[in-house]
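Some notes on the structure that comes next.
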Amino acid sequence: MQQMVDNAMDSSSGYGQQLSEAWHYMFGREPNYSAAYEAAIKAVESIALPMVEPNNKDSTLSKAARVMRDQRWEFQIEAREENNVPGGVIQLLMSGLMNSQPDRHGGPDPVAVSREKAQATVYSAVFRVQCFKAGLVRRPAS
């Protein structure tokens, strides 16, 4: 994991800087789980949005996941055909990242992000960044 993190935290890229922030919020001396979750989302957005919706400056991870579903994007790991979903596994992972953030959008009783949820989010953000970076997630051939 550390080698994958080091590779993904390329400081010359926006996603690398965001992943570095997420990692430090998660594992630093004064952890901030909510900030770790938020930075992890921004890291994935930073690499995915320009690929998925390059002409939409208002895109979000949630919108990109919908585009990937509608366009049936491809990922190297897919469920069996009878269990697959449009846009595949990677689209589900991106949707889950956005929709599992308990303190998103405020609300009258915001729920704190747990250490476990933040850790899973940071680890999975590293994985997603690496998958996009390596070209393992792609628009279907026309």
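Bear in mind that the values here come from a model prediction, so they are computed numbers and not experimental data.
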Donor-acceptor pairs under 3.5 Å, side chain of residues 25-33 to any protein atom, not counting sequence neighbours: which ones?
unit_1 : atom_1 : unit_2 : atom_2 : d
Asn32  : OD1    : Ser34  : N      : 3.3
Asn32  : OD1    : Ala35  : N      : 2.9

Exercise answer: donor-acceptor pairs, residues 46-55 side-chain atoms, under 3.5 Å, sequence neighbours excluded:
unit_1 : atom_1 : unit_2 : atom_2 : d
Ser46  : OG     : Tyr15  : N      : 3.1
Glu53  : OE1    : Ser59  : OG     : 2.4
Glu53  : OE2    : Asn56  : ND2    : 3.4

* To do: Could you walk me through whether Gln18 and Val129 pass side chain to side chain contact (heavy atoms under 4.5 Å, CB included), step by step?
  => CA-CA 11 Å; Gln18 291 295 334; Val129 164; over 6 Å; no
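Residue pairs meeting the salt bridge (Lys or Arg N to Asp or Glu O under 4.0 Å) criterion with at least one member in residues 123-141, sequence neighbours excluded, are Glu74-Arg138. Listed by first and then second residue, the salt bridge (Lys or Arg N to Asp or Glu O under 4.0 Å) pairs involving residues 40-52 are Glu38-Lys42 (not counting sequence neighbours).
The minimum heavy-atom distance linking Val122 with Trp23 is given by the pair CG1-CE3, 3.7 Å. Nearest heavy-atom pair, Ala36 versus Ala118, reported as atom, atom and distance to 0.1 Å: CB-CB, 4.5 Å.
Ring geometry for Phe127 versus Phe75: interplanar angle over 60°, hence perpendicular rather than tilted (30 to 60°).
Remark: the backbone N or O of Gly16 is not paired with any side-chain donor or acceptor of Ser20 at under 3.5 angstrom.
With sequence neighbours excluded, the residues satisfying side-chain contact (heavy atoms from CB on, under 4.5 Å) with Ala125 are Leu19, Ala40, Val44.
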